[in-house]
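Before any comments, here is the structure.
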Amino acid sequence: MNILDKIVANKKEEVAAAKSKVSIKELKYYRHFTAPVASIKENLIKKKDFPVITEFKRQSPSKGIIHAGAKVAEIVPGYAKAGAAGISVLTDVQFFGGSNDDLSQARDLTDTPIIRKEFIIDPYQIYEAKAIGASAVLLIAAILEKQQAADLASLANYLGLEVLMEFHDESEAEMLNSYVDMAGINNRNLKTFEVDLQHAANMISLLPSHILPIAESGIHSADDFLFLKNAGFQGFLMGEYFMKHSDPAKACADLKAEVTGKSVTQL
Ligand SMILES: O=P(O)(O)OC[C@@H](O)[C@@H](O)c1c[nH]c2ccccc12
């Protein structure tokens, strides 16, 4: 079993347990469920000099501990002030050390739109994403069937959530459907952890032009950012580069200053 298979097997158990604790009907009564949320896609277009989704991530299967004990309250408001177009919050407990509570806390601390970074395999998780305060969900093509992906994306849109669909293999491009708002090309192969920035640059031409292209993973410098920007990417998802710093928001502000030539005056 590769790591992705292990994560999905564990996720099936987690979702079954969550369903038996809180029903979809109950999720609809959560205070965030009906609250309006901002659009990540619109923000990425608006902030075109620095269209970065900054990630809150304590650990990952590929990197181990990145920022032990990171606190949402100490990092997320700073990300927003540093000019993030969106914030990605890992909610997987077992492999990434995240939680639903991290996302809800983040929601209460900023109006910057938040994407739920999760291994979504069941409609329940889409309702849950809305209930905990997300603006958008990630759907990973590699772990879904085509019809299942379309059903999940359509439900997300129906609930007012944007959809970022993530691709790695060229063969996955046929998983796209009309409910997808943004397409991410992951430079990291989730089965082997191999990272190659050229991968996203090679694959971008497979995406239809109306879908906003986002480069994901392994972006570690202004040069990496500019390389992918020149390849046509209009969004950038970055985690480790910021989170490995003791002050992730400052690392974000510094990168922004480097790539735009303008510094953030006050964090
Ligand atoms: O920390 P990095 O290399 O900057 O990567 C961020 C993000 O792309 C990565 O966390 C990610 C991309 N797709 C995922 C799917 C699940 C979990 C995590 C991810």
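Numbering of ligands and ligand atoms starts at 1, following listing order. Every heavy atom of this structure was used, including side-chain atoms; hydrogens, water molecules and symmetry mates were not.
Atom 6 (C) of ligand 1 has E55 OE2, 3.4 Å as its closest protein atom, hydrogens excluded (heavy atom only). Considering only non-hydrogen protein atoms, atom 13 (N) of ligand 1 sits nearest to E166 OE1, 2.6 Å. The nearest protein atom to atom 17 (C) of ligand 1, hydrogens excluded, is given as F96 CZ, 3.5 Å; this is a heavy-atom distance. The protein non-hydrogen atom at the shortest distance from atom 4 (O) of ligand 1 is G239 N, 2.7 Å.
The contact set between ligand 1 and L138, taken as ligand atoms under 4.0 Å from a residue heavy atom, comprises 15 (C). Each of the atoms 3 (O), 5 (O) of ligand 1 lies under 4.0 Å from some heavy atom of R188. Counting atoms of ligand 1 from 1 in the listed order, those under 4.0 Å from a heavy atom of F119 are 16 (C), 17 (C). Taking every non-hydrogen atom of G218 and a distance limit under 4.0 Å, the qualifying atoms of ligand 1 come out as 2 (P), 3 (O), 4 (O). Counting atoms of ligand 1 from 1 in the listed order, those under 4.0 Å from a heavy atom of K57 are 1 (O), 2 (P), 5 (O), 6 (C), 9 (C), 10 (O).
Each of E14, E13, K12 was compared with N10 under the side chain to side chain donor-acceptor pair (under 3.5 Å) criterion, and only E14 meets it. Among R107, K71, K57, R58, the single residue meeting the salt bridge (Lys or Arg N to Asp or Glu O under 4.0 Å) criterion with D102 is R58.
Of the options G98, S217, S88, the smallest heavy-atom separation from atom 8 (O) of ligand 1 is shown by S217. The closest non-hydrogen atom to atom 19 (C) of ligand 1, taken over M238, K117, E240, comes from K117.
Remark: ligand 1 and H220 share no N or O pair separated by less than 3.5 Å (distance only, no angle test).
Within a 6.0 Å radius of CZ in F193, more than 12 heavy atoms belonging to other residues, nucleotides or ligands are found. No more than 12 heavy atoms of other residues, nucleotides or ligands sit less than 6.0 Å from atom CD of E145.
Using a 4.5 Å heavy-atom threshold, the side chains of I24 and K19 count as separate. Side-chain contact check for K117 versus F96: every heavy-atom pair is 4.5 Å or farther apart.
Transitive grouping of hydrophobic side chains (ILVMFWY, heavy atoms separated by less than 4.5 Å) brings F227 and V259 into a common cluster. Residue V37 is not grouped with residue I132 when hydrophobic side chains (ILVMFWY) are merged at heavy-atom distances under 4.5 angstrom, including chains of intermediate members. The cluster map of Ile, Leu, Val, Met, Phe, Trp and Tyr, joined by side-chain heavy atoms under 4.5 Å apart, puts L197 and V52 in the same cluster.
At a 4.0 Å heavy-atom cut-off, ligand 1 touches N186 through the side chain alone.
Residue contact check for ligand 1: I219 places no non-hydrogen atom closer than 4.0 Å to it.
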